Amino acid sequence: MGSSDEKVVAVIMVGGPTKGTRFRPLSLNVPKPLFPLAGQPMAHHPISACKRIPNLAQIYLVGFYEEREFAMYVSSISNELRVPVRYLREDKPHGSAGGLYNFRDLIMEDNPSHIFLLNCDVCCSFPLPEMLEAHKRYGGMGTILVIKVSAESASQFGELVADPVTKELLHYTEKPETFVSDHINCGVYVFTPDIFTAIQGVSSQRKDRANLRRLSSFEALQSATRSPPSDFVRLDQDILTPFAGKKQLYTYETMDFWEQIKTPGMSLKCSGLYLSQFRFTSPNLLASGDGTKSATIIGDVYIHPSAKVHPSAKVGPNVSISANARIGAGVRLISCIILDGVEIMENAVVAHAIVGWKSSIGKWSRVQAEGDYNAKLGITILGEAVGVEDEVVVTNSIVLPNKTLNVSVQDEILL
């Protein structure tokens with residue numbers, strides 16, 4: 001175990017255009033995995049975490065987006081991290097485990113001893129080297145990253161019970177109706193290649209059952225509507241649940257942060273979590289300033305090198321400013337994501353908001369919200385090229401692209 005010629009491959013599931021509907025209007029412009037959190041595309045955070053895995057041979061992104069949507073990003077991130085990154089497009093839904101199996105020949109090309117599987121819309125510190133070490137100690141087919149959450153929120157996720165000493169996964173239930181456990185599945189895994197045999201086993205069982213049903217025409221009619229295709233295999237229900245308690249699956253608990261990035265509100269929260277992590281991993285990415293020669297910076301802030309921020313502006317905490325943005329004199333920014341090409345004029349205030357590409361906010365205007373990341377209108381979102389005129393207040397609202405606001409609005413979705 002642990003010999004230097006052991007190779008590791010990472011697979012990151014990025015979903016597809018029909019999956020990111022809750023992320024609109026932001027996903028109208030850019031695939032959700034490329035939306036910037038803390039100034040870096042969402043996918044960048046798990047990809048750069050993979051870079052820390054010893055003997056990493058390859059990273060695959062698997063999803064339903066057109067290849068052209070990822071071509072430039074894959075090329076630039078491969079050069080930046082000096083790790084081969086490749087995008088693989090699924091032809092149809094195969095389920096979370098079936099998608100992995102669909103590309104098994106490519107994944108096994110480097111003959112890896114271990115395969116990481118990550119979900120792109122998960123925000124955490126990705127303790128991947130530590131997971132791999134724990135997995136090697138446990139033995140078995142796979143190790144799942146888990147976290148302890150409040151009993152009230154646990155039922156939204158896959159709940160699991162593990163042996164407190166051996167860490168073996170004993171029981172797994174996806175989104176149970178009654179309380180099972182306050183430990184949940186984080187959507188980050190490491191497997192040995194035995195996972196492919198397990199997925200193939202599920203697929204073969206399905207085929208056998210389908211063949212048996214064909215013997216009864218009445219059953220065939222019923223099952224046609226009920227059964228998923230044999231090559232559609234879900235990791236949670238079809239692998240984790242049946243293999244629990246069989247000394248095949250183990251857990252590794254993270255004590256750090258963990259969130260799912262399903263909505264724009266959560267993306268703003270996660271941008272802040274990644275900014276605070278930069279203090280330890282990439283302090284060079286965080287801005288600083290005391291208002292003399294550059295803007296006053298409070299807390300964790302990212303400013304793209306091409307953005308222009310007036311020295312009298314006050315920025316932070318949890319602010320990310322993208323390329324070519326222009327922030328005027330006396331502007332106050334709090335807990336917000338400012339996207340490429342945005343202009344914010346003198347004395348405007350932006351708080352708990354995401355300001356879309358090429359939008360403009362006039363003098364003395366306010367774009368604000370209460371900052372409830374889970375509420376539908378808990379943050380204010382301006383789509384691409386929205387114009388907010390001088391002295392206009394936009395509160396708890398979502399504004400779709402190419403609108404101009406010359407009157408104040410509150411608690412509205414403006415189509």
Side-chain angles (χ1 to χ4, degrees), residues 1-14 43-63 74 77-88 96-120 122 124-146 162-163 165-169 185-202 233 235 239-240 243-244 246-256 281:
M1 273 298 200
S3 68
S4 59
D5 57 353
E6 275 187 358
K7 291 200 176 81
V8 179
V9 166
V11 178
I12 301 172
M13 294 294 187
V14 298
H44 179 95
H45 300 282
I47 289 173
S48 58
C50 289
K51 171 82 171 149
R52 299 199 310 272
I53 303 167
N55 305 319
L56 180 72
Q58 178 89 37
I59 299 171
Y60 293 104
L61 307 182
V62 174
V74 161
I77 194 74
S78 298
N79 290 335
E80 184 187 328
L81 297 182
R82 296 193 181 92
V83 173
V85 180
R86 186 171 171 190
Y87 177 70
L88 303 174
S96 44
L100 190 68
Y101 188 74
N102 187 42
F103 294 111
R104 64 195 177 281
D105 293 343
L106 276 171
I107 292 166
M108 290 308 295
E109 216 169 42
D110 288 300
N111 200 21
S113 60
H114 294 88
I115 300 145
F116 273 91
L117 178 64
L118 299 83
N119 285 296
C120 184
V122 159
C124 68
S125 61
F126 297 106
L128 307 180
E130 297 85 344
M131 263 184 92
L132 184 59
E133 280 306 305
H135 174 73
K136 288 176 178 178
R137 285 198 308 274
Y138 301 149
M141 177 174 72
T143 296
I144 308 164
L145 187 69
V146 305
D163 184 299
V165 179
T166 66
K167 307 301 178 191
E168 186 199 346
L169 180 71
N185 175 5
C186 291
V188 178
Y189 315 86
V190 58
F191 294 111
T192 64
D194 293 341
I195 185 66
F196 293 121
T197 313
I199 299 167
Q200 190 179 19
V202 173
V233 182
L235 193 60
I239 301 291
L240 303 186
F243 278 90
K246 293 183 177 170
K247 295 196 164 34
Q248 287 292 313
L249 298 172
Y250 292 83
T251 60
Y252 180 81
E253 186 173 354
T254 175
M255 300 299 172
D256 287 339
T281 59

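Not measured: the values here are computed from a predicted model.
- For the pair I107 and L100, the tightest heavy-atom approach, listed with the atom from each and the gap, is CD1-O, 3.5 Å.
- The two atoms that bring V146 and C186 nearest to each other are C-SG, 3.6 Å, heavy atoms only.
- Using bins of under 30°, 30° to 60° and over 60° for the plane-to-plane angle, the ring pair F196/Y101 lands in the tilted bin.
- Across all their heavy atoms, F243 and A198 have their closest contact at CZ-CB, 3.6 Å.
- Between atom OG of residue S96 and atom CG of residue L117 there is a gap of 7.5 Å, rounded to the nearest 0.5 Å.
- A donor-acceptor pair under 3.5 Å is formed between the side chain of E168 and the backbone N or O of K247.
- In terms of modelled atom types and a separation under 3.5 Å, the side chain of N119 and the main chain of G187 share a donor-acceptor contact.
- Just one residue in the list D256, L132, V188, L145 forms a side-chain contact (heavy atoms from CB on, under 4.5 Å) with P127, and that residue is L145.
- Checked against I47 for a side-chain contact (heavy atoms from CB on, under 4.5 Å), the options L118, V83, L61, V74 give a single hit: L61.
- With sequence neighbours left out, E253 forms a side chain to side chain donor-acceptor pair (under 3.5 Å) with H183.
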Side chain to side chain contact (heavy atoms under 4.5 Å, CB included) between Y189 and I195, intermediate numbers included: CA-CA 11 Å; Y189 315 86; I195 185 66; over 6 Å; no

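- Checked by atom type and distance alone, the side chain of Y252 never pairs as donor or acceptor with a backbone atom of L128 at under 3.5 Å.
- Y87 has its side chain within reach of V14: a pair of non-hydrogen atoms, C-beta onward, lies under 4.5 Å apart.
- Checked by atom type and distance alone, the side chain of K167 never pairs as donor or acceptor with a backbone atom of Y138 at under 3.5 Å.
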Verdict with supporting geometry, M108 and I115, side chain to side chain contact (heavy atoms under 4.5 Å, CB included): CA-CA 9 Å; M108 290 308 295; I115 300 145; 4.0 Å; yes

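- Residues H135 and G140 approach most closely at CE1-O, 3.6 Å, considering heavy atoms.
- Rounding to the nearest 0.5 Å gives a distance of 8.0 Å between CD of Q58 and OG of S78.
- Side chain of Y60 to main chain of L106: a donor-acceptor pair is present (N/O by atom type, distance under 3.5 Å, no hydrogens or angles).
- Separation of atoms CG (L249) and CZ (F191) is listed at 6.5 Å; rounding is to 0.5 Å.
- At distances below 3.5 Å, not a single donor-acceptor pair connects side-chain atoms of T251 with backbone N or O atoms of L169.
- Minimum heavy-atom separation, P54 to V8: O-CG2, 3.7 Å.
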